[in-house]
Amino acid sequence: MSVNSKRVFYVKYLANPIYADILKARPDVRLDRIENESPEDFYAPILSAAHVYQIGAARDELAPHFHVDAALLKRTPNLLLVSSNGAGFDPVDVQACTDAGVLVVNQSGGNAHSVAEHALAMMLTLSKRIIQSDRRLRREANVNRNELIGNEVEHKTVGIVGLGNVGRRIAALCKGLLGMKVLAYDPYLSKEVMAERGGEKVELDELLRRADFVSISCPLNKGSRDMISVREFGLMQPHAYFITTARGFIHDEDALLGALRDRRIAGAGLDVWSKEPPPPEHPLLQFDNVLASPHTAGVTIEARQNMGRIAAEQVLETLDGKRPPRIINPEVWPVYAERFKQTFGVAPG
């Protein structure tokens, strides 16, 4: 294989510099960087020659013309692989990739512990009313601590929606560390598998009715979009908290606003939004019982390094003709394999 014959590009950022370090150690791989503001005469030749697009997972950080859709795929005739920086792949039209014979992979599991810790931190902060205490101390004199009595989480029930890499880690922390009861809803897993992952399998409505904390950790897809809306918030207990570290659009922000305004639930911990980051005047940010972060649950030094490393390793494995471990659209494999063979002269295994 000739020098720099395998072309990889990214726009604006990588999860961690370790990604570039690993790829640059390979003489047969060329890595190009494009900026959101790069002129077309600069990026057009890179897109045309590319075999791999290492794409950011956050839709609002990437210029729309660099989202992977049918229009971009027409400009990347040699593209074989789209690799997301994270577990999510919001800027990628997976069906368009499948139609074009392009494989899509993510880095699921790479930041699972980081996201689980964040969800747990939100649960404890809300339950102990730390956020309200902090805000009142900054605004008022002579705060009455008896007005800020919180609750312990031990023996409480957490309902986890999605028992994948993140959900199972949340379950382990809640059950093993805090002595909580774990209910879980995941239509893709059996009762036995969910029990092995620490959760009692229940339907979504039962989870919402019984849980003291509802934690969302499922991916965003057609089935989960707007899954938690007016009806679902209405099923939750008045003392329960809603926490999401998954993706915006899984919950309906207007429905959550109504539930909080009418005090149908006790509060919320929100790491994901329909617009990221949300503006300071966002209605949900006006509540003292809402704990907010700008999609930073998976953003730690350790997680970013791990994500960068496994992304680079997966890309190189794929370019070397191996089947990558985290495929989003496995149904495209036969068409992809033929395109790979036409490009590099060997069939992937």
Q.
Other residues, nucleotides and ligands only: do more than 12 of their heavy atoms fall within 6.0 Å of CD on Glu152?
A. no

Q | Within 6.0 angstrom of Asn146 CG, more than 12 heavy atoms from elsewhere | A | yes

Do you see a donor-acceptor pair shorter than 3.5 Å between the side chains of [X] and [Y]?
| X | Y | answer |
| --- | --- | --- |
| Glu61 | Tyr13 | yes |
| Ser224 | Asn221 | yes |
| Thr98 | Asn329 | yes |
| Asn85 | Gln54 | yes |
| Asn306 | Glu302 | no |
| His65 | Glu40 | no |

Keeping the roles fixed (side chain from [X], backbone from [Y]), state whether a donor-acceptor pair exists under 3.5 Å.
| X | Y | value |
| --- | --- | --- |
| Ser84 | Gly88 | yes |
| Thr300 | Ala303 | yes |
| Gln314 | Arg326 | yes |
| Ser217 | Gly162 | yes |
| Asp212 | Lys156 | no |

Would you call [X] and [Y] a salt bridge, taking side-chain N to carboxylate O under 4.0 Å as the test?
| X | Y | value |
| --- | --- | --- |
| Asp186 | Lys201 | no |
| Glu147 | Arg145 | no |
| Arg139 | Asp288 | yes |
| Lys191 | Glu200 | no |
| Arg30 | Asp32 | yes |
| Arg59 | Asp90 | yes |
| Asp205 | Arg231 | yes |

**Q.** Evaluation steps, side chain to side chain contact (heavy atoms under 4.5 Å, CB included), between Val8 and Leu319
**A.** CA-CA 10 Å; Val8 182; Leu319 287 174; 4.1 Å; yes

Q: Determine the interplanar angle of the Tyr43 and Phe66 rings, folded into 0 to 90°, and report it as parallel if under 30°, tilted if 30 to 60°, perpendicular if over 60°.
A: perpendicular

**Q.** Ring geometry between Phe9 and Tyr53 (parallel below 30°, tilted from 30 to 60°, perpendicular above 60°)
**A.** parallel

Q: Applying side chain to side chain contact (heavy atoms under 4.5 Å, CB included), run through Arg209 and Gln237 and close with a yes or a no.
A: CA-CA 6 Å; Arg209 291 190 181 102; Gln237 302 182 76; over 6 Å; no

In the structure I gave you, are the side-chain heavy atoms of [X] and [Y] within less than 4.5 Å of one another anywhere?
| X | Y | result |
| --- | --- | --- |
| Leu62 | Val11 | yes |
| Ile243 | Val214 | no |
| Leu103 | Phe340 | no |
| Asn289 | Gln132 | yes |
| Val104 | Tyr336 | no |
| Pro91 | Val68 | no |
| Val202 | Arg210 | yes |
| Glu154 | Leu178 | no |

Test of understanding: clusters of I, L, V, M, F, W, Y form through side-chain heavy atoms closer than 4.5 Å, transitively. Do [X] and [Y] belong to the same one?
| X | Y | value |
| --- | --- | --- |
| Val230 | Leu208 | no |
| Leu256 | Leu204 | yes |
| Phe242 | Leu291 | no |
| Tyr10 | Ile34 | no |
| Phe89 | Val82 | yes |

Q) Ile328 and Asn106: side chain to side chain contact (heavy atoms under 4.5 Å, CB included), yes or no, with the steps? A) CA-CA 7 Å; Ile328 301 301; Asn106 69 355; 3.6 Å; yes

To the nearest 0.5 Å, what is the distance between [atom1] ([X]) and [atom2] ([Y])?
| X | Y | atom1 | atom2 | value |
| --- | --- | --- | --- | --- |
| Trp273 | Leu270 | CH2 | CG | 4.5 Å |
| Leu148 | Ile130 | CG | CD1 | 11.0 Å |
| Leu81 | Arg339 | CG | CZ | 10.5 Å |
| Lys181 | Cys174 | NZ | SG | 13.5 Å |
| Arg168 | Leu173 | CZ | CG | 12.5 Å |
| Ile216 | Cys218 | CD1 | SG | 6.0 Å |

At their closest point, which heavy atom of [X] faces which heavy atom of [Y], and how far apart are they?
| X | Y | result |
| --- | --- | --- |
| Ser215 | Ile170 | OG-CD1, 3.7 Å |
| Leu285 | Pro279 | CD1-O, 3.3 Å |
| Tyr19 | Leu31 | CE2-CD1, 4.2 Å |
| Trp333 | Pro324 | CZ3-CD, 3.9 Å |
| Gly167 | Ile160 | O-CD1, 3.7 Å |
| Lys12 | Glu35 | CA-OE1, 4.0 Å |

Q | His282/Glu253 under side-chain hydrogen bond (donor to acceptor under 3.5 Å, both in side chains): CA gap, chis, key distance, verdict | A | CA-CA 10 Å; His282 194 293; Glu253 289 185 355; 3.0 Å; yes

Q | His51 and Phe344 aromatic centres sub-6.0 Å | A | yes

Q. What's the verdict on side chain to side chain contact (heavy atoms under 4.5 Å, CB included) for Lys128 and Asn151, showing C-alpha distance, side-chain angles and the deciding distance?
A. CA-CA 6 Å; Lys128 295 284 289 180; Asn151 289 281; over 6 Å; no

Q. Looking at residues at least two apart in the chain, or sitting in another chain, which of them share a side-chain contact (heavy atoms from CB on, under 4.5 Å) with Glu203?
A. Tyr185

Identify all side-chain donor-acceptor contacts of residues 115-125 below 3.5 Å with residues at least two apart in sequence or on another chain.
unit_1: Glu117; atom_1: OE2; unit_2: His113; atom_2: NE2; d: 2.7
unit_1: His118; atom_1: NE2; unit_2: Ser293; atom_2: OG; d: 3.0
unit_1: Thr125; atom_1: OG1; unit_2: Ala121; atom_2: O; d: 2.8

Q | Pairs meeting criterion salt bridge (Lys or Arg N to Asp or Glu O under 4.0 Å) with involvement of residues 309-320, two or more places apart | A | Lys6-Asp320, Arg26-Asp320, Arg309-Glu313

